[in-house]
Amino acid sequence: MKKLDESLIAPLPPFRKLDRAQIREILDQATSRRHDEGTEIFRGGDEADRFFLLLDGVARVVRVLPGGEQVIVRHIPPGQLIGIAPALGRATYPATAVAASEALTLSWPTRLWPGFMSRYEGFATETWATVGQRLDQLHDDMAALATQAVEQRVAACVLRMVNQTGRAVEGGIEIAFPVTRANIAEMTGTTLHTVSRLLSAWEKDGLVESRRKRIVVTQPHKLVLLSGATA
DNA sequence: CCATTAAAAACCC
DNA sequence: GGGTTTTTAATGG
């Protein structure tokens, strides 16, 4: 394996406080891997023998229900830790992670986790912060499912993806990974038909432009209004 | 208001 | 071409 550059991870929150020697030490223990779009990074229920840092691309976290239907729990933008079952005191991954776009990860054996937590300043607190944020989002999603109409939930979902991974393109901000209407339906607890109708209506009103698997938000402000956020 | 069903068009390898 | 994605309409809870 070729040597990894220290600048890859030095600026990321979990490693920000570490000196050069520590970064080197971490990188030398890491395995880097490329994941094709649509392939699994790890599978829910499997033994959590490694934890990962998503260097590039977007990871889709999926829970498969007993019935076989799947729910997209969240998307993870680059720079975050995933598969951190050891932080939750678990021996197995709680969910499956799929590369939503071509992705690049670093990973380490889980047995190194305790050492990371104790030896590297800032790693533990960043981990807790990440876990806390994900819990928060989960609570927001539950509240939205219970109280908001479908159009509001879909609007909020699109906005969240834009905020997490959006990049400027001409005419607006584009979600930086491929998303289908079916994907959005799985995230928001509705059907692809309803999502399709909503996006068509928004496009007619000039709020978004979408082609297959691509969504560009042209009027974020109006979407925010639709999402019913804190008036 | 929204899910379901059905059918067809549009897209991409 | 053939599978996938998207759109549109009709029906019913």
Side-chain angles (χ1 to χ4, degrees), chain A residues 33-44 56-78 95-104 137-231:
Chain A
R33 228 174 106 208
R34 208 184 62 83
H35 307 266
D36 287 325
E37 178 180 331
T39 60
E40 288 183 0
I41 299 172
F42 53 81
R43 176 185 282 272
D56 193 26
V58 174
R60 202 197 302 295
V61 179
V62 174
R63 259 223 72 187
V64 177
L65 304 170
E69 291 310 305
Q70 68 172 36
V71 176
I72 297 175
V73 180
R74 74 181 73 259
H75 284 96
I76 310 273
T96 296
V98 176
S101 58
E102 183 177 319
L104 193 62
Q137 192 210 288
L138 201 57
H139 290 160
D140 287 345
D141 287 346
M142 288 175 57
L145 260 181
T147 64
Q148 293 192 319
V150 168
E151 183 170 35
Q152 297 177 308
R153 302 206 302 270
V154 174
C157 176
V158 169
L159 281 173
R160 181 155 68 208
M161 293 189 289
V162 162
N163 287 333
Q164 286 179 155
T165 74
R167 61 182 171 213
V169 295
E170 85 157 78
I173 310 171
E174 180 178 52
I175 295 172
F177 60 99
V179 210
T180 65
R181 327 264 142 154
N183 289 153
I184 295 176
E186 287 167 15
M187 293 182 250
T188 55
T190 181
T191 64
L192 74 151
H193 306 98
T194 297
V195 174
S196 176
R197 278 191 296 270
L198 286 171
L199 284 174
S200 295
W202 294 345
E203 176 136 29
K204 190 160 38 184
D205 293 341
L207 304 194
V208 303
E209 287 168 11
S210 66
R211 317 185 250 302
R212 121 186 310 228
K213 293 193 178 184
R214 292 277 157 204
I215 298 176
V216 176
V217 177
T218 48
Q219 318 268 91
H221 178 66
K222 292 192 181 174
L223 257 197
V224 171
L225 291 183
L226 275 183
S227 75
T230 62

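Residue numbers start from 1 in every chain, and the chains themselves are labelled A, B, ... in the order their sequence lines are given, proteins ahead of strands.
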What integer distance in Å separates [X]:[atom1] from [N]:[atom2]?
X: N183(A); N: dT5(C); atom1: CG; atom2: P; result: 8 Å
X: H193(A); N: dC2(B); atom1: NE2; atom2: P; result: 16 Å
X: L198(A); N: dA3(B); atom1: CG; atom2: P; result: 9 Å
X: L199(A); N: dT7(C); atom1: CG; atom2: P; result: 7 Å
X: E37(A); N: dT5(C); atom1: CD; atom2: C1'; result: 14 Å
X: R211(A); N: dA9(B); atom1: CZ; atom2: C1'; result: 19 Å
X: Q148(A); N: dC2(B); atom1: CD; atom2: P; result: 11 Å
X: E203(A); N: dT7(C); atom1: CD; atom2: P; result: 8 Å

Item to check | R197(A) (side chain) and dT8(C) (base): donor-acceptor pair under 3.5 Å | outcome: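 By the distance-only test, no, there is no pair.
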
Item to check | Pair D141(A) + R160(A), salt bridge at N-O below 4.0 Å | outcome: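 A salt bridge is present here (some side-chain N lies under 4.0 Å from a carboxylate O).
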
Item to check | Main-chain N/O of V195(A) paired to R181(A) side chain as donor or acceptor, under 3.5 Å | outcome: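 It does not hold such a pair.
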
Checklist entry - Is L192(A) touching bases, backbone alone, or none of the nucleic acid, heavy atoms closer than 4.0 Å? => result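 The residue L192(A) makes base contact.
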
Checklist entry - Under 4.0 angstrom, heavy atoms only, what part of the nucleic acid is S196(A) near: base, sugar-phosphate, or nothing? => result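 S196(A): base contact, heavy atoms under 4.0 Å.
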
Does [X] reach the side chain of [Y], with side-chain heavy atoms less than 4.5 Å apart?
X: L223(A); Y: Q219(A); value: no
X: T194(A); Y: T188(A); value: no
X: W202(A); Y: E151(A); value: yes

Checklist entry - Which of the following nucleotides, dC2(B), dT8(C), dT6(C), is nearest to the side chain of T180(A)? => result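 That would be dT6(C).
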
Item to check | Among dC11(B), dT7(C), dA3(B), the nucleotide that comes nearest once only the side chain of R212(A) is considered | outcome: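 Closest nucleotide among those given: dC11(B).
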
Checklist entry - How sharply is the helix from dC1(B)-dG13(C) to dC13(B)-dG1(C) bent, taking the axes over five pairs at either end and rounding to 10 degrees? => result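 The end-segment axes of the helix from dC1(B)-dG13(C) to dC13(B)-dG1(C) are tilted 20° relative to each other.
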
Next on the checklist: Could you measure the distance from the NE2 atom of H75(A) to the CD atom of Q137(A)? Nearest 0.5 Å is fine.
Outcome noted: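 CD of Q137(A) is found 10.5 Å from NE2 of H75(A).
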
Checklist entry - Does the side chain of T191(A) get closer than 4.0 angstrom to OP1 or OP2 of dT4(B) through an N or O atom? => result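 So the side-chain polar atoms of T191(A) never come under 4.0 Å of the phosphate oxygens OP1 or OP2 of dT4(B).
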
Checklist entry - Just wondering, are more than 12 heavy atoms of other shown residues or ligands nearer than 6.0 Å to CZ in R211(A)? => result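 No.
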
